[in-house]
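Just so it is clear: chains get the letters A, B, ... in the order the sequence lines come, proteins before strands, and each one is counted from 1.
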Number of protein chains: 2
Amino acid sequence: MFLGTYTNKIDDKNRMAVPAKFRDQLGGKCMLTKGFDECLYIYTMEDFEVMAAKIAALPQSDADFREFIRDFFGNSELCELDGQGRIKIPQNLREYAHITKDLVTTGAMNKVEIWSAETKADFDLAKKMKDSRFTDKLREFSI
Amino acid sequence: MFLGTYTNKIDDKNRMAVPAKFRDQLGGKCMLTKGFDECLYIYTMEDFEVMAAKIAALPQSDADFREFIRDFFGNSELCELDGQGRIKIPQNLREYAHITKDLVTTGAMNKVEIWSAETKADFDLAKKMKDSRFTDKLREFSI
DNA sequence: GTAAAAGTGGGGAAAAGTGGGGTAAAATCT
DNA sequence: AGATTTTACCCCACTTTTCCCCACTTTTAC
């Protein structure tokens with residue numbers, strides 16, 4: 001079970017230190033994939049297999065599913081942790097998640113999410129805007 | 001069953017002593033999570049796992065569920081009590097609960113609530129403000 | 001009043017995070 | 001094909017954070 005939120009940086013060689021708390025569960029390697037929302041996911045090998053099997057089983061007759069399958073596997077990468085517990089994040093995934101320097105890494109049960117700090121902040125703000133208490137208040141005072 | 005209210009401090013190393021009365025029930029470790037009302041919750045491992053299992057079963061295809069899962073697990077932490085019966089409160093949770101120095105820890109049946117003393121005081125006053133008897137009194141003074 | 005337990009503070013070793021050099025492999029160009 | 005550039009990967013070094021342990025103060029129990 002992946003839990004907690006951490007901040008890290010990606011270096012000039014496009015490496016990111018996987019938070020130490022997550023390393024034992026990954027066992028030296030992991031699958032890095034494109035996530036829903038503009039972030040990346042890290043799965044254990046086992047959990048990736050489960051997810052991959054579900055996705056591979058989608059009906060190929062559906063064009064939307066074909067596109068999704070292509071996108072999922074085309075943006076999945078097997079990553080081995082180096083001696084310092086870091087993984088390299090490839091260009092296509094960096095671009096998707098708008099990753100430049102500062103990152104937020106957060107445990108989400110069976111996966112780890114990697115966010116660009118900026119994107120995460122925007123996302124959280126958007127979430128706050130959607131929060132009913134906030135919008136109710138806004139409704140009270142807006143003219 | 002967790003009962004009673006205690007005051008404590010968080011130190012410069014972000015450690016808080018769990019009231020001794022609660023320690024036996026926790027058994028050396030506990031789950032620290034984001035609570036309602038800008039406070040934190042401590043659950044026993046067992047109770048947390050029950051909740052976690054329910055939440056983990058929610059479908060990833062729903063954006064609102066993804067947000068909730070991220071928020072819940074990203075703001076949960078497994079805390080082991082040190083030799084002095086203290087836990088470390090991570091930054092994201094300190095920020096959420098506005099924790100700086102003085103704390104109020106209160107047993108609430110199946111969980112323990114951790115409040116910033118200041119936030120708790122504000123919250124208690126807010127409750128009073130909502131009480132019609134209190135606001136009626138204020139009204140006598142044209143407030 | 002005394003002893004034990006609980007609460008609080010801090011030093012120091014170890015671990016984690018971060019940056020960078022050097023070499024080998026791969027890709028690209030002529 | 002050979003030469004040159006780029007990329008990947010292993011290793012080392014430094015800084016920051018974490019965690020274990022000890023010590024002191026305060027509270028509780030008898």
Practice task
Examine the side chains of A/Ser76 and A/Thr33 and answer whether a donor and an acceptor come within less than 3.5 Å of each other.
Solution key: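 The criterion, which ignores hydrogens and geometry beyond distance, is not satisfied for A/Thr33 and A/Ser76.
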Extract from the structure each pairing of a protein N or O with an N or O of nucleotides 9-15 of chain D at less than 3.5 Å, listing the distance.
| unit_1 | atom_1 | unit_2 | atom_2 | d |
| --- | --- | --- | --- | --- |
| D/dC9 | N4 | A/Lys13 | NZ | 3.3 |
| D/dC11 | N4 | A/Arg86 | NH2 | 3.4 |
| D/dC12 | N4 | A/Gln84 | NE2 | 2.6 |

Exercise for the section: Return the set of residues passing salt bridge (Lys or Arg N to Asp or Glu O under 4.0 Å) with A/Lys9 (not counting sequence neighbours), or none when no residue passes. Expected result: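 Salt bridge (Lys or Arg N to Asp or Glu O under 4.0 Å) check on A/Lys9 returns A/Asp102.
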Exercise for the section: Mind checking the NZ-CG spacing from B/Lys88 to B/Leu81? Nearest 0.5 Å is all I need. Expected result: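 Answer for the NZ-CG pair, B/Lys88 versus B/Leu81, is 14.0 Å.
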Can you pull out every ring-ring contact (aromatic ring centres under 6.0 Å, His included) where at least one residue sits in [range]? Sequence neighbours excluded, please.
{"range": "residues 93-126 of chain A", "result": "A/Trp115-A/Phe123"}
{"range": "residues 69-89 of chain A", "result": "A/Phe48-A/Phe72"}
{"range": "residues 2-38 of chain B", "result": "B/Phe2-B/Phe22, B/Tyr6-B/Phe22"}

Practice task
Under 4.0 Å from any atom of DNA chain D, heavy atoms only: list the residues of residues 92-105 of chain A that qualify, in numerical order.
Solution key: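 The answer is none.
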Exercise for the section: Within residues 20-33 of chain A, find the residues that approach DNA chain D with a heavy atom at under 4.0 Å, and present them sorted by residue number. Expected result: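 Residues of residues 20-33 of chain A that come under 4.0 Å of DNA chain D do not exist, since none gets that close.
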Exercise for the section: Decide yes or no for A/Ile114 and A/Leu93: does some side-chain heavy atom of the first lie under 4.5 Å from some side-chain heavy atom of the second? Expected result: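 When only atoms from C-beta onward are counted, A/Leu93 and A/Ile114 do not touch, as no gap falls below 4.5 Å.
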Problem - Non-hydrogen side-chain atoms of A/Ile87 and A/Cys30 separated by less than 4.5 Å - result: yes
Completion exercise
All heavy atoms of A/Ala117 vs all of A/Val104, minimum pair found to be CA-CG2, 3.9 Å
Handout entry: Under 4.5 Å side-chain linkage, directly or through intermediates, the cluster mates of B/Met109
Key =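 Hydrophobic cluster check, B/Met109: joined to B/Met1, B/Leu3.
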Fill in the blank from the handout: residues 70-82 of chain A vs salt bridge (charged side-chain N to carboxylate O under 4.0 Å, His left out), sequence neighbours excluded, gives A/Lys34-A/Asp71, A/Asp82-A/Arg86
Practice task
Mind jotting down which residue pairs meet the salt bridge (charged side-chain N to carboxylate O under 4.0 Å, His left out) criterion with at least one end in residues 103-123 of chain B? Sequence neighbours excluded, please.
Solution key: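 Sorted result for residues 103-123 of chain B: B/Lys120-B/Asp124.
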Distance-only check: which donor-acceptor pairs under 3.5 Å involve side-chain atoms of residues 49-64 of chain A, not counting sequence neighbours?
| unit_1 | atom_1 | unit_2 | atom_2 | d |
| --- | --- | --- | --- | --- |
| A/Asp62 | OD1 | A/Asp64 | N | 2.7 |
| A/Asp62 | OD1 | A/Phe65 | N | 3.3 |

Without decimals, in angstroms, what is the distance between [X] [atom1] and [N] [atom2]?
{"X": "A/Asp11", "N": "C/dG21", "atom1": "CG", "atom2": "P", "value": "12 Å"}
{"X": "B/Met16", "N": "C/dT8", "atom1": "CE", "atom2": "P", "value": "10 Å"}
{"X": "B/Asp12", "N": "C/dG7", "atom1": "CG", "atom2": "P", "value": "19 Å"}

Handout entry: Terminal axes of the helix from C/dG1-D/dC30 to C/dT30-D/dA1 (five pairs each): angle between them, nearest 10 degrees
Key =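 Between the first-five-pair axis and the last-five-pair axis there is 30°.
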